[in-house]
Number of protein chains: 2
Amino acid sequence: MAKEVTKREDNYSQWYDDLVVKADLAERSAVRGCMVIKPYGYAIWEKMHEVLDRMFKDTGHVNAYFPLFIPKSFLSREAEHVEGFAKECAVVTHHRLMANPDGPGVVVDPSAKLEEELVVRPTSETIIWNTYKNWITSWRDLPILCNQWANVVRWEMRTRLFLRTAEFLWQEGHTAHATQQEAIEETEKMVNVYADFARNYLALPVIVGHKSPNERFAGALDTLCIEAMMQDGKALQAGTSHFLGQNFAKAFDVQYTNKEGKQEYVWATSWGVSTRLMGALIMAHGDDNGLVLPPKLAPIQVVMVPIYKSEEEHSAILAKMEELKAELCAHGHTVKIDDRDTLRPGFKFAEWELKGVPVRIAMGPRDLAGGTVELARRDTLEKVSVPQDGLGSRIEELLDDIQNNIYKKALAFRDSKIRKVDSWEEFKNEVGKGGFLLCHWDGTKETEEKIKEETKATIRCIPMDSVVCEEEGKCIYTGKPSHRRVVFAISY
Amino acid sequence: MAKEVTKREDNYSQWYDDLVVKADLAERSAVRGCMVIKPYGYAIWEKMHEVLDRMFKDTGHVNAYFPLFIPKSFLSREAEHVEGFAKECAVVTHHRLMANPDGPGVVVDPSAKLEEELVVRPTSETIIWNTYKNWITSWRDLPILCNQWANVVRWEMRTRLFLRTAEFLWQEGHTAHATQQEAIEETEKMVNVYADFARNYLALPVIVGHKSPNERFAGALDTLCIEAMMQDGKALQAGTSHFLGQNFAKAFDVQYTNKEGKQEYVWATSWGVSTRLMGALIMAHGDDNGLVLPPKLAPIQVVMVPIYKSEEEHSAILAKMEELKAELCAHGHTVKIDDRDTLRPGFKFAEWELKGVPVRIAMGPRDLAGGTVELARRDTLEKVSVPQDGLGSRIEELLDDIQNNIYKKALAFRDSKIRKVDSWEEFKNEVGKGGFLLCHWDGTKETEEKIKEETKATIRCIPMDSVVCEEEGKCIYTGKPSHRRVVFAISY
């Protein structure tokens, strides 16, 4: 092995941390809670960015950019919003440093205190709705369908690379609509875009549903989400889409003149996914050898490793590889030839397995003579010798097959972790085993909080599809009547 | 006219501000010095981003992401660097707000004071070199060729949209090399990438050269730059590439083992362009009707406006337009049909002129009957009736022609603003008229500073190409001998 990775069954959490660092995805920085996203990790994020950006544009959205800073007073305008975000934010209070009068280095210049403190955006509803106020006069100005790719900061106390960091990268869509109906449709449309992205690119099966009131975004009337299942049986929220009603329009006094000439408050949505998706990708598919990347998001889809003894063999094999690479590139694949001469093939194999490259092609003198290559697929670790002829279309099929297989495997795993639980005793026994527990709930905040207190499990969502949950029953905790099951789990 | 724009000759500065706002590129935000980049402006920046990103990758660079925050003490490690950046930075001192005990709203929670203040990055050399320290052990780890797309903050006192804002978007390349020679080559390579981008995409002629020591980046041994000429005769620095020597490697103790097994400090470069390029684009090409966008960076290359009276004409023209649009899109062009039914064609024409769309196609009933369209090009405002047949290739040629013409026009203007000046009297007379003044200079800091004090002119660069400047002469200010002319100008 190139680098030792802890086995999942020994310590899943350590396995994750190992993978992030040893596969060169990210590392902790000198700044508390902030990460450095390394080139290989960033290349995967760039792929996600590219696909999502196209999906947003295909659904009529445009990008824009709003300030990093939010005046402190803006946060307070929406009562629940400030409650949710004021407790963990980075506050800018001064705009200058000066030479330290008492020693080396620099200190904050006390004369450069800001009149009003600025908060580094934890999310941008407030600054954006303050801006939209000037963009919206009449129904003709609606809808506004903006997205922003940006960094945000939430001063989390316990951080983990990608999953929970003080600074993270994300996109945040902020839309403004004339009617409630249109805003609700937008909220649903975008959670479905996320579900589509999760399933078809991340190869990640997700349950789409509503959050319970306790778990809603601070300031939302409804939060839709996609929930995924990790290999340790914990749930991970992978994306959210919020119906904000008229809360922010009222907080920032954003009204429009409707077709009848009457003033009305504007309806809002916001929706986002973040570098947390990197965590989902790693934890959903990785194995004890390292990452397993879905081909559609792999920065390198095919790696080629030459195997040779003499310099003559080397150059002949390399020439053939360049030829094959050109063919694969013409098919639209991303190919790397690993021709480092200081490392042995076995080391390279392990390294590219660790990095999750979907397909490895090895070629030695016998392959060269016989017109074959050795194909190894990362997902199943199967190896097979195939002719060089027609390699382009073979790889195309193989990458499709890997993409589908990774999804199917994750789906089978996820489904094996879903079960119905009908009593409180059973729930307490089952919850520690992980997975999604489908249970009846009486619909009250109090019950949800008590269940959380006693078991750490939360309602991940009230499912909209994927899982059939409409049925009569009794709340596992209070025994009160319930009309549908909801999804409980321990979550990240 | 759709919206009134001040004429350039009346007030160039107001013309610029009008254009930025009225063409929907950007606007001031509620946060002092920070701008909102509106969707149309952001779409142009996205094009720049896309092209530059490809150019960086084609020259072997990869993207990564480093923290937004820099520990205060990091800034002090490099003496000149802290001098350059400490005076205008946003300082984070606390990590929590709390309910105001004395009234409504929230206040900074005094118990959440950070042990060490964090500076919002004004540039990332320090945090990146602190990171590179852990990435570099041996010569095998070099070179590191990273770029970052990010937001940065410099607390400028006087701000102007795009040209000088507290927060701006940019890319910053940070490379690490084993040898001085390699780092110098990288510095030159990247300033040439910028010059190529400026000339071939922005259609902006630039002079490439070295900054004088006074104008260097804080912490650099040499700064290369591209300098452009705006229509008001002022210079604009459009991009810089710094040879940092071993300054940051020494400040952060980044050494590597060379092939001979000896420890050596690593050599560094950094290079960047920012949303300031948007300002250059606007000021270099715009006219009294609005923006003039080079086709290669125009979010919309062709706009189509239907002209009709009856609903029958409308639908027939629209159907034909959709057909032509499909043909143009197949040629790779970006086309918009402006079918808004509440606005007259003349209003639409003016609006798209204001927004700088390179080509406008109008079609009325007579065009429909005759199989023609009216083509209008934004750069010359010429209109011509052409057959619908073969429109795709005609537009392709036209867009090329416009791209070239815009560049030629800017080049002719720029060249008309370059002149040799040989005496101090003449310099004082000429400098107020704008343009690049090629003058002899004795090479001292003192002379440069005195010239700046007396005239506000600075040395924009010591040219490397574009302008022949090698010749013997005497310093315009001190009369001391000089071996080459340098470029003086009043600048943005």
Side-chain angles (χ1 to χ4, degrees), chain A residues 27 29-31 34-39 41-43 45-46 62-76 82 86-99 104-109 112 117-120 127 130-131 134 140 146 150-151 153 155 166-167 169 342, chain B residues 27 29-31 34-39 41-43 45-46 62-76 82 86-99 104-109 112 117-120 127 130-131 134 140 146 150-151 153 155 166-167 169 342:
Chain A
E27 63 185 37
S29 78
V31 183
C34 292
M35 62 181 160
V36 171
I37 307 179
K38 299 184 78 173
Y42 198 83
W45 175 244
E46 275 182 303
V62 291
N63 288 326
Y65 189 77
F66 298 88
L68 172 66
F69 299 125
I70 295 179
K72 190 190 64 179
S73 60
F74 280 25
L75 272 191
S76 317
V82 68
K87 284 172 200 154
E88 45 178 46
C89 59
V91 189
V92 177
T93 56
H94 291 75
H95 63 81
R96 193 161 57 228
L97 299 172
M98 60 179 220
V106 282
V107 294
V108 173
D109 182 343
E117 295 88 351
L118 297 171
V119 168
V120 179
I127 187 79
N130 185 68
T131 306
N134 303 317
R140 283 189 199 84
C146 276
N151 53 345
V153 172
W155 209 265
E167 182 192 17
L169 304 183
T342 52
Chain B
E27 63 185 37
S29 78
V31 183
C34 292
M35 64 181 159
V36 171
I37 307 180
K38 298 183 78 173
Y42 198 83
W45 175 244
E46 275 182 302
V62 290
N63 289 326
Y65 189 77
F66 299 88
L68 171 66
F69 299 126
I70 295 179
K72 190 189 64 177
S73 59
F74 281 24
L75 273 191
S76 317
V82 67
K87 285 172 199 152
E88 46 177 46
C89 58
V91 189
V92 176
T93 57
H94 291 74
H95 64 81
R96 192 161 57 230
L97 299 172
M98 59 179 222
V106 282
V107 294
V108 173
D109 181 342
E117 294 88 350
L118 298 172
V119 168
V120 180
I127 187 80
N130 185 70
T131 306
N134 303 318
R140 283 189 198 85
C146 276
N151 52 344
V153 172
W155 210 265
E167 182 192 16
L169 303 184
T342 51

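Within every chain, numbering begins at 1; the chains are lettered A, B, ... in the order of the sequence lines, protein sequences first and strands thereafter. Computed from heavy atoms alone, side chains included, the values below leave out hydrogens, waters and symmetry copies.
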Can you say whether the rings of A:Trp155 and B:Phe69 are parallel (under 30°), tilted (30 to 60°) or perpendicular (over 60°)?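 Judged by the thresholds at 30° and 60°, the geometry between A:Trp155 and B:Phe69 is tilted.
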
Is any side-chain heavy atom of A:Pro39 less than 4.5 Å from a side-chain heavy atom of B:Cys146?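 Yes, their side chains come closer than 4.5 Å.
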
Below 3.5 Å, can you tabulate the donor-acceptor pairs from side chains in residues 88-99 of chain A to any protein atom, sequence neighbours excluded?
unit_1	atom_1	unit_2	atom_2	d
A:Thr93	OG1	B:Thr93	OG1	2.7
A:Arg96	NE	A:Asp109	OD2	3.0
A:Arg96	NH2	A:Asp109	OD2	3.4
A:Arg96	NH2	A:Ser111	OG	3.3

Who passes salt bridge (charged side-chain N to carboxylate O under 4.0 Å, His left out) against B:Glu167, sequence neighbours left out?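 Result, salt bridge (charged side-chain N to carboxylate O under 4.0 Å, His left out) vs B:Glu167: none returned.
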
Working to the nearest 0.5 Å, report the span between NZ of A:Lys38 and CZ of B:Phe66.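 It comes to 9.5 Å.
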
From B:Leu118 atom CG to A:Cys34 atom SG, the distance as rounded to the nearest 0.5 Å: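 Rounded to the nearest 0.5 Å, the CG-SG separation comes to 7.5 Å.
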
Least distance between heavy atoms, A:Ala64 atom then B:Ile37 atom: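 Taking A:Ala64 first and B:Ile37 second, the nearest heavy atoms are CB-O, 3.4 Å.
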
Would you check if the side chain of A:Lys72 reaches a backbone N or O of B:Val107 as a donor-acceptor pair within less than 3.5 Å?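 Not at all, since once roles are kept as given, no pair shorter than 3.5 Å links the two residues.
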
Determine the option with the most heavy-atom pairs under 4.5 angstrom with chain B, choosing from A:Ala86, A:Ser76, A:Ala166.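 Of the options given, most contacts go to A:Ala86.
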
For chain A, which candidate among B:Ile70, B:Leu169, B:Val62, B:Asn63 shows the most heavy-atom pairs at distances under 4.5 Å?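 The residue among B:Ile70, B:Leu169, B:Val62, B:Asn63 with the greatest pair count is B:Asn63.
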
Top of B:Glu46, B:Met35, B:Arg140 for chain A proximity - count of heavy-atom pairs under 4.5 angstrom: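 Of the candidates given, the most pairs with chain A belong to B:Glu46.
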
At a heavy-atom separation under 4.5 Å, does A:Leu68 approach chain B through its side chain, its backbone, both, or neither?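 Both backbone and side chain of A:Leu68 come within 4.5 Å of chain B.
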
Which atoms of A:Val82 are under 4.5 Å from chain B, going by heavy atoms: the side chain, the backbone, both sets, or neither?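 Contact with chain B: side chain only.
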
Checking heavy atoms, do the side chain of B:Asn130, its backbone, both or neither come under 4.5 Å from chain A?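 It is the side chain, since no backbone atom gets that close.
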
